[in-house]
Amino acid sequence: MPNLTGKIAIVTGAGRGIGRAHALALAAAGANVVVNDLGGSLAGEGADLTPAQQVVEEIRAAGGEAVADGENVADFAGAGRLVQHAVDEFGRLDILVNNAGILRDRMLVNMTEDEWDAVINVHLKGHFAPTQHAAASWRERSKAGEEVRARVINTSSPSGVFGNVGQANYGAAKAGIAAFTLIVAQELGRYGVTVNCVAPNARTRMTEDTFDMGEAPEGHDPLDPSNISTVVVALSADEAQGITGQVFHIWGSAVNALRGWSSGELFESEEPWQADALLTQLRERWPEGVAPRGMVESMQAVGGRSLSTK
Ligand SMILES: NC(=O)c1ccc[n+]([C@@H]2O[C@H](COP(=O)([O-])OP(=O)(O)OC[C@H]3O[C@@H](n4cnc5c(N)ncnc54)[C@H](O)[C@@H]3O)[C@@H](O)[C@H]2O)c1
């Protein structure tokens, strides 16, 4: 395992599920961890520090160092206090894992404004806000002459990169997080910060009700959240300094560095296109029409396996 002794990490949404696994894995590798979690319901209602405190106790019982934090990552000032919490408690911040998330699934025709706003807010703003505050502190350290080796690891989703029915709000936020990763990786490289992203598959309260996940098998479970944490620990190592701007789809031990939007199919004309000529070309290329194939089939194409919906 890479040695992260002395590194200071924040994991958002670390009271449960995948975030909890990240916090335990980073601590086991030697990092001091700020375990952030608002502690609300899957839909993002309510607040409770207990889940974060329980993870802190688990880390301490295993001989690690951790502190609980109950800030809401979608509150810009709260995200600033979260980053400051790491600095006050442990002296600085090295690793930011943006993981907190909620779900409010609904078909678009029935989706309410609140369902849209809440999901976009927690995921998209909840990635921007902690990253902005962390980036400001890393730029300051870099400009003061320090050789910074910092990490941001974001959390997208197969829903965001492949598109899943019933998740227009969530998938749009998660696609935005993949794009945010590409842009911020380019902006923060100059300060010694790498920015990567995971697109997980894991057995948590978020997926158990929606997908047919089966029972956890004996031995290696490809849907154990710890599979995602292995990638987070690897990307957090000093030796990963050259790896940035990547989005990793993870199914068990299948880790795919995704290649997203590509040049695709070209429709070219010597002259400026006339709409009717372009339409003729489109119909000739796709005589049966064309449509996205959906998340489950796309996941099979990359990971070799995939979830099926209940
Ligand atoms: N489980 C999967 O297969 C899967 C697939 C794709 C993406 N993801 C993503 O992985 C991340 C973790 O999901 P999970 O499956 O572990 O779900 P989870 O519900 O078990 O954990 C999410 C945690 O985030 C916390 N949280 C929610 N809003 C918050 C806020 N505003 N501030 C701070 N904490 C907040 C919750 O309290 C919860 O403990 C999410 O971003 C999710 O969208 C999960």
Side-chain angles (χ1 to χ4, degrees), residues 10-24 34-55 68-76 78-79 81-82 85 97-105 117-130 153-164 167 169-178 180 197-213 221-229 231-232 247-252 295-296 299 303 305-307 309:
I10 291 174
V11 183
T12 73
R16 297 186 185 83
I18 298 171
R20 169 180 168 273
H22 294 339
L24 295 176
V34 179
V35 178
N36 160 266
D37 205 296
L38 188 55
S41 69
L42 182 56
E45 281 146 355
D48 179 6
L49 196 58
T50 316
Q53 283 169 332
Q54 283 170 344
V55 174
D69 180 284
E71 295 290 351
N72 174 358
V73 292
D75 172 341
F76 190 71
R81 290 191 293 272
L82 166 60
H85 196 172
V97 185
N98 290 310
N99 163 84
I102 63 168
L103 273 189
R104 295 197 187 178
D105 290 0
D117 285 347
V119 169
I120 296 291
N121 206 34
V122 170
H123 289 277
L124 205 44
K125 189 170 174 191
H127 271 62
F128 158 71
I153 298 162
N154 296 324
T155 308
S156 182
S157 166
S159 178
V161 293
F162 302 132
N164 193 28
Q167 297 192 313
N169 50 0
Y170 178 78
K174 291 304 203 185
I177 288 166
F180 178 75
C197 186
V198 292
N201 292 276
R203 193 187 304 280
T204 70
R205 73 170 181 176
M206 191 175 272
T207 43
E208 269 166 341
D209 289 342
T210 313
F211 295 101
D212 181 7
M213 314 203 74
D221 177 6
L223 293 174
D224 191 298
S226 64
N227 293 302
I228 319 301
S229 311
V231 178
V232 167
V247 179
F248 296 97
H249 176 268
I250 305 157
W251 177 287
M295 182 183 79
V296 169
M299 280 167 59
R305 310 206 10 221
S306 101
L307 300 170
T309 40

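Scope of the values below: all heavy atoms of this structure, side chains included, with no hydrogens, waters or symmetry mates. Note that ligands are numbered from 1 as they come in the structure, with each ligand's atoms numbered from 1 the same way.
- At least one donor-acceptor pair closer than 3.5 Å links the side chain of N169 to the backbone N or O of R104.
- Here the shortest heavy-atom distance to atom 36 (C) of ligand 1, taken over D37, T12, N201, belongs to D37.
- Below 3.5 Å of separation, one finds an N or O of A202 facing an N or O of ligand 1.
- No donor-acceptor pair under 3.5 Å is formed between the side chain of N36 and the backbone N or O of V11.
- Looking at I18 against ligand 1, both its backbone and its side chain come within 4.0 Å, counting heavy atoms.
- Checked by distance only, ligand 1 and P158 stay at 3.5 Å or farther apart across all their nitrogen or oxygen atoms.
- Between the side chain of S156 and the backbone N or O of I177 there is no donor-acceptor pair closer than 3.5 Å.
- Using a 4.0 Å cut-off between heavy atoms, N36 contacts ligand 1 through its side chain alone, with no backbone atom that close.
- Remark: side-chain polar atoms of N154 are not paired, donor with acceptor, to backbone N or O of N98 under 3.5 angstrom.
- Listed by chain and residue number, V35, D37, L49, A68 satisfy the side-chain contact (heavy atoms from CB on, under 4.5 Å) test with A52 (two or more places apart in sequence, or in another chain).
- Not one N or O of S157 is nearer than 3.5 Å to an N or O of ligand 1, by distance alone.
- Every residue was checked against the salt bridge (Lys or Arg N to Asp or Glu O under 4.0 Å) condition with R16, not counting sequence neighbours, and none meets it.
- Contacts of N72 with ligand 1, taken as heavy-atom pairs under 4.0 Å, involve both backbone and side chain.
- Residue-level proximity to ligand 1 for A14 is absent, since no heavy atom of it falls below 4.0 angstrom.
- Below 4.0 Å from some heavy atom of T207 lie the following atoms of ligand 1, by number and element: 1 (N), 2 (C), 3 (O).
- Relative orientation of the F128 and F180 rings is perpendicular, given thresholds of 30° and 60° on the angle between their planes.
- With a heavy-atom cut-off of 4.0 Å, T155 touches ligand 1 through its side chain alone.
- Residue V122 has at least one heavy-atom neighbour below 4.0 Å for each of these atoms of ligand 1: 28 (N), 31 (N).
- Closest to atom 20 (O) of ligand 1 by heavy atom, among R205, H249, R203, is R205.
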